[in-house]
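Before any comments, here is the structure.
None of the values given here were measured: they were computed from a predicted structure. The chains referred to below are lettered A, B, ... by the order of the sequence lines, with proteins before strands, and numbering in each begins at 1.
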Amino acid sequence: MQSNELKIFNTLSRTKEVFKPVNAPFVGMYVCGPTVYSNVHLGNCRTFISFDVVYRYLMHAGFKVRYVRNITDVGHLTGDVDIGSEDKIGKMARLQKLEPMEIVQQYTNGFHDMMRVFNTLPPSIEPTATGHIVEQVEMVKEIIDNGLAYVQNGSVYLDTQAFIGKYPGVYGKLSGKDQDNLQTETRALKNQSEKKHPSDFAIWVKAPEDHLMHWPSPWSTGFPGWHLECSVMSTKYLGSPFDIHGGGMDLQFPHHENEIAQNFSACGCAPSNYWMHGNMLLMNGKKMSKSDGNSVMPEELFSGDSPLLTKGYSPMAVRFFMLQTHYRSTLDISDGALQAAEKGFKRLMDAYKTLFALKHSDGSINESEEVEITAACDACYTHMNDDFNTPMTLASLFTLVNKINTYKDGGSVVSNISQAALEKLQQTFKEFIEDVLGLKEEASTDDKIVDGLMELIIDIRQESRINKDWSTSDKIRDTLNELEVQLKDGKEGTSWSKL
RNA sequence: GGUCGGUUGGCCGAGCGGUUAGGCAGGGCUCUGCAAAAGCUCGUACAGCGGUUCAAAUCCGCUACCGACCUCCA
């Protein structure tokens, strides 16, 4: 069944649910951002591109969205709290002999640059963990006051057993773990000395002597637990509960599960109504992950400087490549798949350009043609409403690509559909490609000199063709080809594009 | 070991009870000075076995592979 209602797959219920915002037309969306201790890899980018499309489509659908995406700049540890772990940013600062905030600034800048390159929209608010220490200390106090956390040697732990007693059925629901399950699983972990129970987790951590980043608190000089910042910053800016909480699949447990426990513990309600999780980007069938040395940096992809790639790929081709797969499916990256995507993307964008050069003229209307075109336009909405199905949306756009190219072949004059239908086609293309999917023409063809020169060259070649001087015309074509400029001889004359 | 998910044509990937997914690659044709581009067209699928059903890629069971999470990870 298809309908005009937006449906979102909610991890909590494992079903697609009709999206009903708490306070329509306002929508609050929170997405877990990066920990800025090194460069983002392509897997990170996929998640943010996925949620960029969600953000764009919600706005396109008329919602007023406040999109909050945090920057984790403290509290994210390299391992378990009890086993000599180290703050990720603090560690980089120590290794590079820099201030932690220098590390944070450097990689935050890099992250922003990359997001811009991929044409993702900046969030409405991008709060940092270190900017919200006061609020985090407050939440720890509330949780202690509610009897759901305990202090141990200056650190504070959320008491999962007490939590389960007070809010049965909450802890473990998101990640699909029942309580027995959680117990047996964590029983195997060693050396959880300070905790009353193995599944308890730190919400405030007493800083070791040499720890670079620390703040005063009623319990110790220390720093907040990793999960706490999201609880605090999401509810501070979006209220409680807000609408959509997103993040990568791998954050489901323990991060999101713990976040839910913190929110319940502090104020008795869930942080958000809809939980969305983007699936992983794979590399040779395995999750792309920095710690496993199995990651590709976007820069390598753009330059082609990798043994796995035969060439470089543009950011927009990569974005298109990602959108050809649903956000909840894994996507395996490979050179062959990227090449296919690159060509498909080019075909789409060529048609997009062609579309706005079409002219309408009155003629006899072909009903079925008109129906087919308007149906494909409407289908874009139907597909996006079905849990943001970008691959299906692209499929509909490609059926329109075919129509557009047929009109071009026929002399670029459209007379078998109404003017309104042509305008609808143009509007749909523009809105979905640019506004919703966030795809844009690769830069650098808007140079006036280049355009003028190309016009001249094409003109000269045309003259030699008329004179049947094939060696000159082919020389022009071949030389341009070497420069990655492709000439296309059509009924309406010759056009060109970059390869 | 526990939990969850996946296995679709040469490749990437949708679909998830009856209807063409789509892109890329390949064959044929049209257009073209030739090519490219574009159009038309063709072919090869649903891991295996069993079951439910008038009907199964789609539901159920078993088997075999693969992956994610359970430990930092988008």
Can you check the distance between [N] and [M], where both ends of the measurement are the [atom1] atom (answer in whole Å)?
N	M	atom1	value
C24(B)	A14(B)	C1'	15 Å
G5(B)	G18(B)	C1'	27 Å
C16(B)	A74(B)	P	31 Å
C11(B)	U32(B)	C1'	31 Å
U3(B)	A45(B)	P	37 Å
G27(B)	G43(B)	C1'	8 Å
G48(B)	A57(B)	P	11 Å
G17(B)	U7(B)	P	15 Å

Atom [atom1] of [X] and atom [atom2] of [N]: how far apart are they, to the nearest Å?
X	N	atom1	atom2	value
Asn405(A)	G23(B)	CG	P	11 Å
Arg347(A)	G22(B)	CZ	P	11 Å
Asn279(A)	A74(B)	CG	C1'	11 Å
Asp335(A)	C24(B)	CG	C1'	13 Å
Leu394(A)	C24(B)	CG	P	12 Å
His326(A)	C16(B)	NE2	C1'	13 Å
Tyr327(A)	A14(B)	OH	P	13 Å
Leu251(A)	C4(B)	CG	P	21 Å

So if I take every side-chain heavy atom of [X] and compare against [options], which nucleotide ends up nearest?
X	options	answer
Thr35(A)	G23(B), C69(B), A74(B)	A74(B)
Asn44(A)	A74(B), A21(B), C70(B)	A74(B)
Pro391(A)	G33(B), A14(B), C70(B)	A14(B)
Thr47(A)	G39(B), A74(B), C72(B)	A74(B)
Arg461(A)	G23(B), G13(B), A35(B)	A35(B)
Phe48(A)	A74(B), A36(B), C40(B)	A74(B)
Lys177(A)	C70(B), G22(B), A21(B)	C70(B)
Asp489(A)	G22(B), U32(B), A36(B)	A36(B)
Thr406(A)	A74(B), A14(B), G39(B)	G39(B)
Arg465(A)	A68(B), U32(B), C69(B)	U32(B)

Could you check whether [X] gets within reach of a base, just the sugar-phosphate, or nothing at all, counting any heavy atom under 4.0 Å?
X	result
Gly490(A)	nothing
Leu331(A)	sugar-phosphate
Ser289(A)	base
Ser473(A)	base
Gly278(A)	nothing

*Keeping the roles fixed (side chain from Asp200(A), backbone from Thr160(A)), state whether a donor-acceptor pair exists under 3.5 Å.*
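Yes, because the side chain of Asp200(A) sits within donor-acceptor range (under 3.5 Å) of the backbone of Thr160(A).
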_Any residue in residues 109-130 of chain A with a heavy atom nearer than 4.0 angstrom to RNA chain B? Just list them by number, or reply none._
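Result for residues 109-130 of chain A: none.
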*Measure the spacing between NZ of Lys7(A) and OG1 of Thr15(A) and express it to the nearest 0.5 Å.*
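Reported value, rounded in 0.5 Å steps: 10.5 Å.
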_Side-chain N or O of Asn389(A) closer than 4.0 Å to phosphate OP1/OP2 of G15(B)_ =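 Result: yes.
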*Does G39(B) have OP1 or OP2 sitting under 4.0 Å from an N or O in the side chain of Asn402(A)?*
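For Asn402(A), the contact criterion (side-chain N or O under 4.0 Å from OP1 or OP2 of G39(B)) is met.
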*asked:* As a check on the pairing definition, encode RNA chain B in dot-bracket form, counting Watson-Crick and G-U wobble pairs whose two distances are under 3.5 Å, and using | for partners outside this strand.
replied: (((((((..(((.....[...))).(((((.......)))))....(((((..]....))))))))))))....
_By nearest heavy atom, map Val401(A) and Met288(A) onto RNA chain B; which one lands nearer the 5' end?_
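Counting from the 5' end, the first nearest nucleotide belongs to Val401(A).
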_Comparing Asp350(A) and Met249(A) on RNA chain B - which has the more 5′ nearest nucleotide_ =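 The answer here is Asp350(A).
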Could you work out, with salt bridge (Lys or Arg N to Asp or Glu O under 4.0 Å) as the rule, every residue matching [X], not counting sequence neighbours?
X	answer
Lys16(A)	Asp386(A)
Lys403(A)	Glu369(A), Glu372(A)
Asp52(A)	Arg56(A), Arg319(A)

*asked:* Checking Ser412(A) now: which residues fulfil side chain to side chain donor-acceptor pair (under 3.5 Å) with it, not counting sequence neighbours?
replied: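 None.
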*Quick one: the side chain of Arg477(A) and the base of A36(B), do they pair up donor-acceptor inside 3.5 Å?*
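Looking at the base of A36(B), it does not pair with any donor or acceptor on the side chain of Arg477(A) (distance under 3.5 Å).
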_Once hydrogens and angles are ignored, does a donor-acceptor distance under 3.5 Å link the base of A35(B) to the side chain of Asp474(A)?_
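Result: no qualifying N/O pair found.
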*How about Asn44(A) and His41(A): does a side-chain donor come under 3.5 Å of a side-chain acceptor?*
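Checked: Asn44(A)/His41(A) side chains pair up, N/O donor to acceptor below 3.5 Å.
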*Quick one: do the Asp489(A) and Thr494(A) side chains pair a donor with an acceptor below 3.5 Å?*
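Short answer, yes.
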